[in-house]
4 protein chains.
Amino acid sequence: MMRFFSDNAAPVHPRVMQAMADANIVDTAYDGDRWSGKLDTAFSELFGQDVAVLWVSTGTAANSLALASLVQPHQGIICHREAHIEVDECGAPGFYTGGAKLMLVEGEGAKIAPQTVNDLLSSIRADVHQVQPAAVSITNATEYGLIYQPAEVAALGALCRDRKLGLHMDGARFANAIATLGCPPAEVTWRAGVDILSFGFAKNGGMNAEALVYFDPALADAARFRRKRAGHLLSKGRFLAAQLLAFLDGDLWLENARTANAAARIIADAAPDRLLHPVEANEIFIRLSAVEAAALRQQGFDFYDWGEGAARLVTSWHHREADVHPLAKAIATL
Amino acid sequence: MMRFFSDNAAPVHPRVMQAMADANIVDTAYDGDRWSGKLDTAFSELFGQDVAVLWVSTGTAANSLALASLVQPHQGIICHREAHIEVDECGAPGFYTGGAKLMLVEGEGAKIAPQTVNDLLSSIRADVHQVQPAAVSITNATEYGLIYQPAEVAALGALCRDRKLGLHMDGARFANAIATLGCPPAEVTWRAGVDILSFGFAKNGGMNAEALVYFDPALADAARFRRKRAGHLLSKGRFLAAQLLAFLDGDLWLENARTANAAARIIADAAPDRLLHPVEANEIFIRLSAVEAAALRQQGFDFYDWGEGAARLVTSWHHREADVHPLAKAIATL
Amino acid sequence: MMRFFSDNAAPVHPRVMQAMADANIVDTAYDGDRWSGKLDTAFSELFGQDVAVLWVSTGTAANSLALASLVQPHQGIICHREAHIEVDECGAPGFYTGGAKLMLVEGEGAKIAPQTVNDLLSSIRADVHQVQPAAVSITNATEYGLIYQPAEVAALGALCRDRKLGLHMDGARFANAIATLGCPPAEVTWRAGVDILSFGFAKNGGMNAEALVYFDPALADAARFRRKRAGHLLSKGRFLAAQLLAFLDGDLWLENARTANAAARIIADAAPDRLLHPVEANEIFIRLSAVEAAALRQQGFDFYDWGEGAARLVTSWHHREADVHPLAKAIATL
Amino acid sequence: MMRFFSDNAAPVHPRVMQAMADANIVDTAYDGDRWSGKLDTAFSELFGQDVAVLWVSTGTAANSLALASLVQPHQGIICHREAHIEVDECGAPGFYTGGAKLMLVEGEGAKIAPQTVNDLLSSIRADVHQVQPAAVSITNATEYGLIYQPAEVAALGALCRDRKLGLHMDGARFANAIATLGCPPAEVTWRAGVDILSFGFAKNGGMNAEALVYFDPALADAARFRRKRAGHLLSKGRFLAAQLLAFLDGDLWLENARTANAAARIIADAAPDRLLHPVEANEIFIRLSAVEAAALRQQGFDFYDWGEGAARLVTSWHHREADVHPLAKAIATL
């Protein structure tokens, strides 16, 4: 079975496994250990800015903690109708924020345009009967594998600053976005107005570590309590910190993402007429009939159906060219 | 530095590390993998009863999910004033239950007696102005290292059944309790009336896996949603399931707990006059002046002060006799 | 100023005021008084079925308590995109349910069709990543003044029973609906599958009393605690109960609603070409340019703009024919 | 039956009833009416300070909204073990704050001393595992009818300012406290460091109106949304505002409280040896055997048993001397 249904299915990268093995010594519990102690510095270097970083085990926890930092229970969060926080987290943002409301907007490929946010804002009466938004959450790369350019984020960032809205970026595939953009991570985050980034590693070769990055370190103080209160302060946090440090070491995170993106490119190039969205990261959405889907599965390829007549294929860090060419060929010859 | 401040500080057992390495292959995400799929059966065998098991990363998450299964937001949970859920989880039960109230009782060594529960129940008016308890939570071994015997749990269990209260057992050190009791795990859990067990492995040589055991599998259905909603459904859950299976394999969990308990026994025997509580598991609470504490630390031993004139020492699976004798001797010769 | 902007603006009916004055004697606090004690019987007679009734002060409280009775925090409530619970209650359902999600559907005039609910249900994956709906909430009369016929409710009720969904009816203007339908209240509620009704009186001549009607009395037990916990158990509840009893006495509720509906009919008949929705209760939505709106206001009529080029007019129990004809005439001669 | 079981049982004062009748005209809904619009000014005059005032229907709602203004869900509120918010509100503070924890302290007659607060603060580790308090809530007059003097409140206020804790005063019987103190309301509130006051009127001759007074008006902004979200923004709020204004008019609130206090004094003076607490407001706690209690009830007096061998008697604004003397005599001659 050749699995392309999710980058979650991939193994953990050997260097990450090795870092965890190296951390398997006696040390202080929770986040008092030597690995956790290095995170702020390491990520501050990466972002060229003082940041506070909290490790958590899942993207859902990262996103929800971030949103709870930005809104009160009676407020709202503007996001895309197909955002992961809306459709795939079982209402986690509602749980962590105490019932704040996701306010949905449309946009091609799960991208949000400033005008759409403005339109939504205009439709809300400024009285106590209606939930008032206090944050915007965007995903980069989006749920359809599209990339926000620095200028696009900056436009949203300016709008948010103007309207006193926090800006959160769900970066479950942030590495894939940066691999495509080729810019410093700062360009598409804090310099563009992002307040908090959920920086994903699990889909990129990690085991269970994500970095919740606060570009305003003061915002992180309450989040540390909320993390504990949510049961996300692991007693042996050193194993999470070690994963993150292994990723930063020698830019493994970027190398892995480049590999995954390159694999996606190969598949995309094999099926230009089938593409439902431009392929800018490591996800490929293609038109595929039920018969064609069955044919691919017959040949051992595994993937998600995406509604009727469509499929989603996801590549990961462990997909070498040799793994991908058979699929590309199979699609091309359907 | 010889650390006795927490069993959380210990390394992960090599067989558990190996199991995680073995699980580092491509498989389905979340809990759809082959390891997660074996948990119900493996734990059902251990308990001699059909159980549903959810892995989670921390004891706090396990406890909170369990309590949320037993009470509504407007209800209460009876627990000891020094229970971990009350003093060391940053209000997590309040978060997960939507604001249910911990109703505190006293008891020597953090143990709860049925009479104490009865007294509390009698003090509550059965009207809507007062929070009505709907569950009892006990810890075995307790926060002071004491053990509930099967008959003691059964007495609480009978009371709970009679008063329509759920019964939760925080088993962060359940293995240590069973190692002392020498009885089948069933005796002190479901046969004694326990509805849900937080079965801890992290303090016993695991990395980040705890088993939330539902003796009534139907209760687990909602908990699966709540786990996801809390951000605790890890995308590569196979690494948690693999840890749990490694522990059950050849009763490693019991072997580790016996080692830890034996180490605690050696220290306890070296300081019989200092003991503040009987040593029945792997925690030792001793009278220790500030000068004596400093002297021990001077010799390289690390532990928690426990208020004035007292200290807590905790042993773990990796404390062999040779590691413990120096501490025992140091205490004896204070 | 002749106010047609809301039935909330109307005075309290004299018979209701008198009932409150009559209740101004010493009696037991909260809901232990003689008036509160008669509610279950009085409403059971009205509905021809044993019901449990809780008074509350607002429709928002009634709706939210009802929804909290039907769903768990990790579940969802299907409602219309323009339902009051979605657009005008500042997220109250999210607060009372602990974060449950409103799942929005479309429908002409804020009415929901069974097919629409079915379509939504079909679009949800039955896994823990997506919020699973557990209830449907409809409004009768709707936010656009349309009426659900008994058969329409029954079709939704059958679907709900089939899919194990609770069914709530927001009856802020239930009296206006019954006045139009001319059927026994039972026909469009419990006989049609409604589990809980928010039966509104404040818009119909009451001061601050709404009846939360549980057609399954057992469901009301927890709601009594939730009402207290929400601060809605008034210490002098007799004044709320007295209002409700005054409304049932001699069918004042129905008489008031008929008066309001008749007033709306007069206005509607004066502007048949302007109507944006059929006028079936006491709300009239008409096309009205900004210039025309200004002209009406100039003549002393007060109402809400409803987006661009439209207006909402609401009649109430105190609008006699003589009060309404001037407005009807003014519109007709625009 | 002569009822002394609660000041909640009393009727509404005729001037308050009249004010409600006078407000029974057409006006804007919610709190946009002319009566609501006068509240800030009226209470600012009373307190000699700019305040923001929100009406709510119950003391529970007032207290909970106040606490939610002062603490985050992961924080705690220090209060007396017998505070109303702890024992008689069915967990409402937990609901409104999203699960914040009440941290209980002792104190004679339900009064809290600064040293007790200090001791509690000292017992809490400043780490994320323990809930950190962010507010103190005191009741004046207390649940046992004792009065905090301005200097006592000021001592707590200074401590709170020093430790960055908010200070809330539950003034369900604030009028009774001021009637005894004879000082301007400012002395025992904002000048002493109180941030928010729940100013009760329902127990003092009101129907269903309490004033939530923010001495820092900026804090009230979010509370307005929370009030709506809790279903406490009544559509005909004018009837609540009218009650409050009637109370301020001619100091009716103070006159009523003086009457109630005087009635309590008469009873207290008749039973000096039975008093369990000094009688400083309108509550009398006396030793009373079961036989004696039965004898009083036999004579037509109604009151609460307060545990074994004790009883609580509460006087109200409508207890004239002639009403109270029979009870005083009956007790004296037991």
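To find a chain, count down the sequence lines: A is the first, B the second, and so on, and within it residues start at 1. Heavy atoms only: backbone and side chains are in, while hydrogens, waters and symmetry mates are out.
- For B/Leu65, no part lies under 4.5 angstrom from a heavy atom of chain A.
- More than 12 heavy atoms of other shown residues, nucleotides or ligands fall within 6.0 angstrom of atom CD in B/Gln299.
- In terms of heavy-atom pairs under 4.5 angstrom with chain B, the leader among A/Asn8, A/Thr58, A/Asn63 is A/Asn8.
- Of the listed residues (A/Pro14, A/Ala62, A/Ala92, A/Gly237), the greatest number of heavy-atom pairs within a distance under 4.5 Å of chain B belongs to A/Ala92.
- Between chain B and the options A/Pro93, A/Ala9, A/Ala202, the largest number of non-hydrogen pairs under 4.5 Å is found for A/Ala9.
- Heavy-atom pairs under 4.5 Å with chain A peak, among B/Ala21, B/Gly98, B/Ala10, at B/Ala10.
- For B/His318, the part lying under 4.5 angstrom from a heavy atom of chain A is the side chain only.
- Residues of residues 220-228 of chain A placed with any heavy atom under 4.5 Å of a heavy atom in chain B are listed by number as A/Phe225, A/Lys228.
- Here the CE atom belonging to B/Met207 is positioned 4.5 Å from the CZ atom belonging to A/Phe239, to the nearest 0.5 angstrom.
- With a 4.5 angstrom heavy-atom cutoff, B/Leu234 touches chain A via backbone and side-chain atoms both.
- Ring geometry, B/Tyr96 versus A/Phe95: the interplanar angle exceeds 60°, so the pair is classed perpendicular (tilted spans 30 to 60°).
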Check step by step if side chain to side chain contact (heavy atoms under 4.5 Å, CB included) holds for A/Arg3 and B/Thr28. CA-CA 9 Å; A/Arg3 292 188 182 266; B/Thr28 304; 3.5 Å; yes
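- Heavy atoms closer than 4.5 Å to chain A are found nowhere in B/Ser64, neither backbone nor side chain.
- Nearest heavy atom pair, residue A/Gly231 against residue B/Thr60, reads CA-CG2, 3.7 Å.
- Contact annotation for B/Ala23: neither backbone nor side-chain heavy atoms come within less than 4.5 Å of a heavy atom of chain A.
- Ranked by heavy-atom pairs under 4.5 Å with chain A, the list B/Arg229, B/Met17, B/Glu89 is led by B/Arg229.
- Among the candidates A/Ala61, A/Pro11, A/Ser6, the residue making the largest number of heavy-atom pairs closer than 4.5 Å to chain B is A/Pro11.
- Taken to the nearest 0.5 Å, the CG atom of A/Leu233 stands 11.5 Å off from the OG atom of B/Ser57.
- Contacts between residues 32-39 of chain B and chain A, counted as heavy-atom pairs separated by less than 4.5 Å, involve no residue at all.
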